[in-house]
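Right, one structure below, let's go through it.
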Amino acid sequence: MDVLLTEEEMMVRTSARQFLERECPTTLVREMEEDSKGYPPALWQKAAELGWQGMSLPERYGGQELPLVFLGLVLQEAGRAVAPLPLHSTVTAALTIAQHAEEKLCEAILPGVAQGKTVLTYAVTELDGRTFADTVQTQAVAEGNQFVINGTKLFVDNFVAADHMLVACRTAPGSRGNSGLSLFLVDTKSPGISHTPLVTLARDKQSEVLFRNVRVAKGNLIGTLNEGAPIIESMLERGAVLLCAQMVGAARKDAEMAIEYAKYREAFGQPIGAFQSLQHMCADQIIWIDGGELLTFEALWLMDQGLPASVEVSQAKAFCNEKCEIAVRHSQSIHGGIGFMMEFDLHLWFRRVSAWSMKLGTTYEHRARIAHALIDLPGRVVLGRPVPVVAEA
Amino acid sequence: MDVLLTEEEMMVRTSARQFLERECPTTLVREMEEDSKGYPPALWQKAAELGWQGMSLPERYGGQELPLVFLGLVLQEAGRAVAPLPLHSTVTAALTIAQHAEEKLCEAILPGVAQGKTVLTYAVTELDGRTFADTVQTQAVAEGNQFVINGTKLFVDNFVAADHMLVACRTAPGSRGNSGLSLFLVDTKSPGISHTPLVTLARDKQSEVLFRNVRVAKGNLIGTLNEGAPIIESMLERGAVLLCAQMVGAARKDAEMAIEYAKYREAFGQPIGAFQSLQHMCADQIIWIDGGELLTFEALWLMDQGLPASVEVSQAKAFCNEKCEIAVRHSQSIHGGIGFMMEFDLHLWFRRVSAWSMKLGTTYEHRARIAHALIDLPGRVVLGRPVPVVAEA
Amino acid sequence: MNFGFSPEQEALRKEVLAFIKENLTPGVIAEVEGEEQEVSAGEESAGRKGLARRGPHLSELYRRIGARGWLGITYPKEYGGQGGDRISQYIVEEEFARVGIRVGLVGSGAPAILAAGTEEQKRDFIPRLISGEYSFALGFTEPHAGADLANLRCRAVRDGDEYVINGQKIYTTAAHVATHIYLMARTNTEVPKHDGISIFIFPMDTAGITVRPLVTIQNNPKAPVGTTYGAARTNEVFFDNVRVPKSALLGGENKGWRVGSTGLNLDRVGASRYLISVRRDEDIVNWLKENRHEGNSLGDDPAIRDKIAEMWIEAQVCRLMTMRSMSIVERGGNFTYEGSAEKVWAPEHGTRITEAITQMLGPYGQLMNGSPRTIEKGIFGHNVLGSFQSGINHGSVQIMRDQVARRGLGLPSQRKAQGARK
Amino acid sequence: MNFGFSPEQEALRKEVLAFIKENLTPGVIAEVEGEEQEVSAGEESAGRKGLARRGPHLSELYRRIGARGWLGITYPKEYGGQGGDRISQYIVEEEFARVGIRVGLVGSGAPAILAAGTEEQKRDFIPRLISGEYSFALGFTEPHAGADLANLRCRAVRDGDEYVINGQKIYTTAAHVATHIYLMARTNTEVPKHDGISIFIFPMDTAGITVRPLVTIQNNPKAPVGTTYGAARTNEVFFDNVRVPKSALLGGENKGWRVGSTGLNLDRVGASRYLISVRRDEDIVNWLKENRHEGNSLGDDPAIRDKIAEMWIEAQVCRLMTMRSMSIVERGGNFTYEGSAEKVWAPEHGTRITEAITQMLGPYGQLMNGSPRTIEKGIFGHNVLGSFQSGINHGSVQIMRDQVARRGLGLPSQRKAQGARK
């Protein structure tokens with residue numbers, strides 16, 4: 001038990017931070033908000049040279065095979081810099097491929113990811129808007145050596161930049177809930193795919209993606225047919241906790257800016273940071289962000305140990321959704337009018353943290369999962385010992 | 001629209017306050033916590049002389065026939081003084097009798113109430129613990145000119161002091177929910193009734209009451225057989241909102257004590273009330289209590305107009321449960337160690353407000369009723385216009 | 001206590017609603033939605049005339065509203081009002097605000113003119129503010145004087161029969177469309193800061209005024225009508241040797257702090273701040289109930305239902321606190337702390353419901369005006385960016401709590417306590 | 001980062017759990033529940049010896065715990081400890097605390113003795129504190145020195161080789177059963193208040209000490225084991241010309257503030273404060289799941305489920321912040337703000353879960369220990385009365401937030417800022 005960073009972890013964090021401070025000024029962030037792809041390929045390439053995309057991928061595909069906590073540290077820094085990189089969607093998909101896809105697919109995709117040549121994403125959520133796999137309606141029907149996909153996916157991150165995406169489909173006709181689902185690797189350029197960009201709070205690239213008779217080879221199935229739910233769920237859970245790392249990183253930088261502003265900005269003959277009410281706002285910011293960080297990295301650490309972490313992921317996301325949002329809102333309030341102006345940079349963080357709080361599971365969704373584990377499964381609970389794993393529906 | 005007190009209302013409030021300041025010192029409150037009946041008959045008699053018990057009862061039974069807001073003002077003052085009087089349970093039952101019982105019963109009971117000779121209570125809640133009528137399991141079976149009651153009621157206020165009580169029973173065998181219920185007036189001394197006192201947070205008198213073949217005349221039925229649910233619900237609603245008045249009165253006095261203490265108590269070379277964090281606690285106390293008071297009196301006023309008020313009652317109780325509790329907890333915190341000592345009076349308020357927050361409907365129960373009215377019933381909602389009334393189940 | 005409206009007031013509300021139903025034509029709606037146009041980059045010259053900013057449909061609508069006597073109901077008849085009651089004015093404000101049309105003089109500067117202006121100023125300004133011929137930009141905040149407004153530096157120096165004004169204002173909403181500016185400036189630097197401030201009212205086309213647009217984060221992309229702070233562009237305003245006659249002074253030289261405070265206090269009463277704090281409650285409930293489908297609606301989610309009810313109660317408290325303020329004003333009383341209490345509770349509620357909705361709508365909550373798939377034109381997403389502003393503007397919730405504690409509860413201020421001990 | 005326990009630590013936990021299972025006999029349980037007896041009215045003389053207060057079963061239990069080396073694991077072997085790690089000590093503390101048995105020296109005064117005591121004091125006190133032969137009452141707070149502890153007035157005046165102590169302490173928990181008092185007293189009135197304080201340790205049966213019991217509101221009726229602050233009676237202690245040898249001084253005359261602060265800081269680490277903040281979370285979840293019946297259980301109520309999950313997450317943050325503090329201590333580091341952060345979050349969570357439960361249990365939540373129909377012996381009702389105390393004692397949550405802001409974030413204090421501007 002030592003929840004503090006090791007020297008190695010500290011080094012990874014520091015070098016990521018320094019890299020982004022150097023390479024990713026807010027001018028670039030603003031520029032990429034207007035860019036059609038939303039990211040600068042040169043920076044993506046440099047990130048690959050630092051090993052970010054392959055951080056937790058197997059060495060045989062060019063990865064570094066480091067624990068997820070290291071990847072979490074990098075995403076935390078990406079959040080801190082609000083870096084316009086399709087890193088989160090790429091690693092979320094890539095880790096799923098690495099864990100569940102057949103060797104051939106891994107070989108086809110993962111080296112490109114590690115080299116910074118490939119951008120990935122995933123597509124689960126549909127019109128219903130909820131995060132988890134049981135809401136999937138998109139159909140994939142077997143036809144010869146192929147599956148034919150029809151349906152609509154929403155809120156697909158970085159579709160405009162992605163080469164491939166993992167698409168959750170219903171392969172058993174008439175199935176409901178978590179049964180009859182499968183996950184496919186789909187080339188984003190496949191015939192029959194069209195997309196509409198969405199205008200989002202984060203000014204990031206999300207799309208509505210329409211699948212009309214999109215054909216995908218049977219070999220692109222990830223895992224076992226009709227038994228994709230656990231794979232999809234674990235992808236979403238990993239995605240959620242890695243997003244928490246980004247949120248925590250962004251919220252902390254954002255809070256630090258407010259705290260610095262409070263030391264310098266004067267009112268009523270004092271730095272505003274000398275007023276107790278404002279000090280308490282700042283203290284709360286840090287307490288909440290620390291809490292979110294601890295929850296996030298505990299979940300990542302459990303995953304690294306191969307231990308169940310569903311409950312811990314939900315803890316982190318439900319907490320970060322609410323607390324990181326209040327923390328960045330506090331920063332805005334501390335800045336008063338200036339923070340409300342587009343020309344001031346603070347909103348770059350505020351908008352992203354707010355948007356991320358609405359993705360990959362709302363507070364209510366995650367809390368319902370936790371309550372299920374706590375209350376519906378047998379056995380007494382003891383804080384600090386594992387809660388029963390969420391049973392498959 | 002004028003939510004401030006009229007001169008007449010102000011007068012009622014002032015005279016009630018002055019009376020209790022004179023007649024009800026905290027020594028009496030403490031004494032009655034140890035008393036077997038829990039109230040001083042002499043004070044009860046004086047209250048009757050001021051017309052409190054009959055405040056909103058018809059004139060023909062010796063009442064003053066004043067609107068419920070006046071009764072609310074008196075209960076607010078009773079709460080302010082944490083007066084050890086069985087006023088709330090008596091008027092809650094008496095108003096139901098006046099509204100729904102046949103003339104003969106009214107004549108038998110209500111003059112005694114108005115004269116301060118009679119104490120009443122009501123018994124709805126059972127082992128399930130929830131407030132509303134659908135949880136009733138106690139059976140009343142017709143037998144000749146009588147009903148025979150069997151069952152157990154819990155948390156019966158002032159049973160030890162009461163002469164009569166209104167008892168909610170299931171009269172249609174096998175009925176569920178809100179159907180098949182009836183309300184009876186029962187003499188507390190009837191053969192077959194036994195009770196066990198409960199030890200409560202408020203140190204008030206609550207009992208578990210056991211009914212074993214208790215016989216009650218058919219004439220003691222209030223309203224129509226098997227159709228008692230609306231009567232019981234309206235009794236509980238009136239009880240809930242009148243309890244809110246008590247809570248608000250007690251919480252305000254309690255907050256005022258903390259605010260005064262903060263002006264006098266020094267730390268770090270200042271009155272503690274000069275610290276911004278403490279000022280903000282005090283400001284919040286008053287804002288919450290004001291909010292609870294406004295919600296409470298709006299509900300009472302609507303009842304006085306004969307308008308639907310179920311939603312407004314639930315608003316008041318759900319809000320007061322949480323906010324009055326935090327307000328009195330703030331008072332404790334502001335007092336530091338001294339407030340934690342039995343010898344200091346502050347806990348007399350803290351314990352009562354806390355206990356009242358758990359009676360006559362929890363925050364969750366009341367919010368579920370509000371959500372039902374808001375979401376499940378047709379029509380757009382507009383704040384400030386009536387929400388659809390909660391439909392009968 | 002009376003929590004209802006009088007039969008006359010209820011009749012007025014019906015009349016207003018019927019009027020709106022009849023007159024809210026597609027042409028009007030289009031102009032309302034377009035009223036606050038896209039902010040063009042760069043500077044623009046000031047001084048467009050008030051009525052001129054309105055399109056033909058809106059101008060006609062306001063003419064008709066005026067003909068009913070609904071603009072400035074509470075103002076004396078000799079200044080173009082109706083000598084009516086504040087509650088009636090509130091009803092009119094509320095119903096028009098619900099459809100995005102601003103009626104009434106809250107935040108207009110008119111209360112201060114009525115309280116402190118010369119007879120000439122009253123006759124000049126109030127009728128024209130009521131009719132909409134004039135509108136004021138409020139020139140209060142400066143880069144170094146926000147919460148601590150009395151710290152303002154914009155200077156007005158007497159020169160014969162004129163004052164010469166130099167300095168800068170910021171967050172001057174509507175400066176680009178207002179006919180006049182209602183300006184707080186320093187006229188004496190030798191006295192304690194509150195005692196050297198004066199208020200001036202003069203046309204925006206006075207020489208030497210430059211307006212630079214500021215784009216708010218809530219308004220990019222353009223926020224839909226009804227967003228908390230979305231429909232307002234704001235500005236910086238620069239004063240470079242602006243010469244105004246001494247008749248531009250309101251309420252006497254160096255008396256501006258008191259005059260201005262009057263204005264601010266009245267500014268806190270009315271339908272507008274209340275409505276921006278609670279509109280999302282109505283929106284989300286109505287959206288939930290109108291979007292129920294079998295089995296899996298958000299309106300069936302019990303945690304969401306519980307939160308909706310919690311928020312609805314809070315919104316009711318907003319309403320009741322507003323009604324309390326109105327009652328005090330209507331009785332001719334003064335606030336001790338009630339206005340400040342309202343200004344703590346309502347904005348904080350507005351933020352709580354806004355953030356609660358993000359967790360109901362999930363990814364849909366991120367969609368902004370103009371995006372495919374938006375819910376209610378993206379108002380929920382835009383609101384995330386602006387709801388908290390209501391807790392900052394015109395006195396932050398922190399300052400309001402200070403006022404509740406000090407004015408309302410008599411708690412001592414820290415400095416005095418230290419001084420008293422020395 | 002390592003969020004797990006080492007195999008050795010896991011083995012230790014198993015050993016402790018097995019030990020508890022074997023040794024927590026009905027006799028022990030009865031003594032634990034009766035340990036803090038009813039408070040008799042009136043005064044009582046001080047000075048009962050430490051071990052003597054324990055019944056035979058508990059004495060035997062502590063002897064066995066001591067034989068395992070589980071008392072004072074982190075203390076050096078020469079003073080009766082094991083020279084072990086803090087995490088192991090934590091594990092032992094946690095598991096014993098869960099069954100109501102206090103193990104470990106958090107809040108004992110021992111950390112300060114180890115840091116500041118003479119060799120003789122270390123050899124005298126630490127082994128006996130570890131064995132339980134000695135126990136200290138902490139004489140800090142006074143009627144006019146609570147949060148502002150440095151304001152204390154209790155005087156100790158040097159007289160030859162002795163000090164003469166006069167004054168009063170209040171809320172001196174365990175003064176009626178402790179063998180010694182660990183007293184903060186003023187030894188110099190001529191210097192700034194923090195610089196004139198000394199710490200003394202001397203037996204409670206020293207002549208001139210009077211102990212008067214104070215009954216807490218949580219403990220009347222007697223609170224069940226496990227209530228936040230229920231199992232502790234507290235006291236006023238009066239000193240009337242109490243003469244102590246100068247060897248009673250800990251850490252040098254007028255050095256008491258620093259010495260005492262050391263003690264307070266260490267006091268904030270450990271299982272005890274964490275557990276009192278989160279025990280109700282476990283209790284309510286386990287109660288809900290063990291009391292499900294068809295159709296209508298509280299555990300099926302979705303609003304309650306949502307709240308339970310929210311609270312459980314908060315409790316996890318309590319745990320993780322405690323683990324962070326332990327990690328810092330284990331690495332030999334110092335807190336910047338982490339201990340204060342933990343002391344904001346945990347007590348406030350404890351209050352939130354306590355109050356949330358009132359709205360789950362409804363009228364059952366009012367029932368107190370000894371009542372018919374109680375749930376878990378009325379612990380939830382008792383807890384309402386005391387959970388917030390954890391946010392007041394040993395530095396209120398307000399003071400802790402000040403510390404996070406000032407020490408952790410470098411925000412300026414208000415007075416200095418004023419001074420700097422003069």
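Proteins come first, then strands; the chains are lettered A, B, ... in the order of their sequence lines, and each starts at number 1.
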Under the 3.5 angstrom rule, does the side chain of [X] hit a backbone N or O of [Y] as a donor-acceptor pair?
X: D:Lys289; Y: A:Leu377; answer: yes
X: D:Asn286; Y: A:Val381; answer: yes
X: D:Glu314; Y: A:Phe319; answer: no

Point-to-point distance, once rounded to the nearest 0.5 Å, from [atom1] of [X] to [atom2] of [Y]:
X: D:Ile284; Y: A:Leu374; atom1: CD1; atom2: CG; answer: 12.0 Å
X: A:Ile370; Y: D:Ile313; atom1: CD1; atom2: CD1; answer: 3.5 Å
X: A:Asp376; Y: D:Leu288; atom1: CG; atom2: CG; answer: 10.5 Å
X: A:Arg367; Y: D:Trp312; atom1: CZ; atom2: CH2; answer: 15.5 Å
X: A:His280; Y: D:Met400; atom1: NE2; atom2: CE; answer: 10.5 Å
X: A:Gln276; Y: D:Asp402; atom1: CD; atom2: CG; answer: 4.5 Å

In the structure I gave you, are the side-chain heavy atoms of [X] and [Y] within less than 4.5 Å of one another anywhere?
X: D:Met321; Y: A:Ile287; result: yes
X: A:Leu294; Y: D:Val317; result: no
X: D:Phe3; Y: A:Leu307; result: no
X: D:Tyr274; Y: A:Leu383; result: yes
X: D:Arg324; Y: A:Glu293; result: no
X: A:Leu73; Y: D:Met1; result: yes

Taking every heavy-atom pair that is under 4.5 Å apart, which of [options] has the most such pairs with chain A?
options: D:Lys307, D:Gln398, D:Gln9; answer: D:Gln398
options: D:Asn2, D:Val344, D:Val397; answer: D:Asn2
options: D:Leu320, D:Ile328, D:Val278, D:Val404; answer: D:Leu320
options: D:Glu338, D:Glu290, D:Met326, D:Glu330; answer: D:Glu290

Between D:Glu282 and A:Arg380, does any side-chain N to carboxylate O distance fall below 4.0 Å?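 No, no charged N to carboxylate O under 4.0 Å.
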Between A:Asp304, A:Asp290, A:Leu278, who has the most heavy-atom pairs with chain D when the cutoff is under 4.5 Å?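 That would be A:Asp290.
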Taking non-hydrogen atoms and a cut-off under 4.5 angstrom, which of residues 1-12 of chain A neighbour chain D?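 Listed by number, the contacting residues are A:Met1, A:Asp2, A:Val3, A:Leu4, A:Leu5, A:Thr6, A:Glu9.
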Taking heavy atoms only and a threshold strictly under 4.5 Å, list by residue number the residues of residues 345-357 of chain D that touch chain A; give 'none' if the list is empty.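 Heavy-atom contacts from residues 345-357 of chain D to chain A are D:Trp345.
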Chain A contact via [X] - which portion, at a heavy-atom distance below 4.5 Å:
X: D:Glu94; value: side chain
X: D:Glu310; value: both
X: D:Tyr90; value: neither
X: D:Ile87; value: side chain
X: D:Arg279; value: neither
X: D:Leu275; value: neither

Of all heavy-atom pairs between [X] and [Y], which one has the smallest distance, and what is that distance?
X: A:Lys263; Y: D:Leu409; answer: NZ-O, 2.9 Å
X: A:Ala283; Y: D:Ala405; answer: CB-N, 4.3 Å
X: D:Arg305; Y: A:His372; answer: NH2-CA, 3.5 Å

